[in-house]
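Below: one structure, written as structure tokens.
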Amino acid sequence: MSESAGSGAAGMTVASAFAGMRSVAPVVFRAGCPDCRGHFELTASSLRLAIGASSRTTFYSFTCPDCQVTVRKPAGERIVELLTGGGVRTLRLHPTV
């Protein structure tokens, strides 16, 4: 691709604009297991976020790497922001009528 990136970057290609970039380390989240009391770090792919209609139905979950139990914890607004910003897969729950 040889399109210029904008008026101030005449002659700059997409390849040259990204030439100095390095790979970014994956985001990790600290978590703890209420069953075995283990503390560990998880990648975004190890977590799931479910967003419901209320704070009572919004939670995140993961499988404890130490004891293999499924852990489910409530997720307030700040936790939702951090998890979605870190690339955690999100499921939106729809209320049943």
Side-chain angles (χ1 to χ4, degrees):
M1 301 182 111
S2 61
E3 295 179 12
S4 65
S7 59
M12 182 180 287
T13 65
V14 172
S16 65
F18 290 101
M21 294 187 77
R22 299 184 189 133
S23 63
V24 177
V27 174
V28 292
F29 299 93
R30 291 185 183 170
C33 177
D35 280 13
C36 71
R37 304 280 186 215
H39 293 280
F40 36 81
E41 292 183 341
L42 298 170
T43 62
S45 63
S46 300
L47 294 156
R48 299 292 175 267
L49 174 64
I51 299 176
S54 71
S55 60
R56 295 182 71 189
T57 57
T58 299
F59 61 92
Y60 65 99
S61 64
F62 58 90
T63 300
C64 175
D66 294 341
C67 69
Q68 302 303 311
V69 72
T70 300
V71 178
R72 179 175 160 165
K73 295 188 175 186
E77 288 182 36
R78 182 70 180 137
I79 298 294
V80 169
E81 278 182 39
L82 292 170
L83 294 177
T84 56
V88 172
R89 285 191 277 183
T90 303
L91 172 66
R92 296 212 178 261
L93 304 175
H94 296 283
T96 57
V97 181

Side-chain donor-acceptor pairs under 3.5 Å in residues 33-42, sequence neighbours left out?
none

Checklist line | side chain to side chain contact (heavy atoms under 4.5 Å, CB included) partners of Ala50, counting only residues at least two apart | finding: Phe59, Leu93

Margin query: Just to verify, what does Ser54 make a side chain to side chain contact (heavy atoms under 4.5 Å, CB included) with, not counting sequence neighbours?
Written below: Arg56, Thr57

Next item on the list: Give a yes or no on whether the backbone of Gly52 and the side-chain of Thr58 come within a donor-acceptor separation of less than 3.5 Å.
Entry: yes

Check: Which pair of heavy atoms, one from Phe62 and one from Gly32, lies closest together, and at what distance?
Finding: CZ-O, 3.6 Å

Margin query: Tell me the closest heavy-atom pair linking Cys64 and Val71, and the distance in Å.
Written below: CB-CG2, 4.4 Å

Next item on the list: Check whether Leu47 and Leu82 end up in the same hydrophobic cluster, where Ile, Leu, Val, Met, Phe, Trp and Tyr are linked by side-chain heavy atoms less than 4.5 Å apart.
Entry: no

Check: Who passes side chain to side chain contact (heavy atoms under 4.5 Å, CB included) against Thr43, sequence neighbours left out?
Finding: Val28, Ser45, Ser46

Next item on the list: Mind jotting down which residue pairs meet the side chain to side chain donor-acceptor pair (under 3.5 Å) criterion with at least one end in residues 73-90? Sequence neighbours excluded, please.
Entry: Arg78-Glu81

Notebook entry, point to check: For Ile79, what residues pass the side chain to side chain contact (heavy atoms under 4.5 Å, CB included) criterion, not counting sequence neighbours?
Noted result: Tyr60, Ala75, Leu83

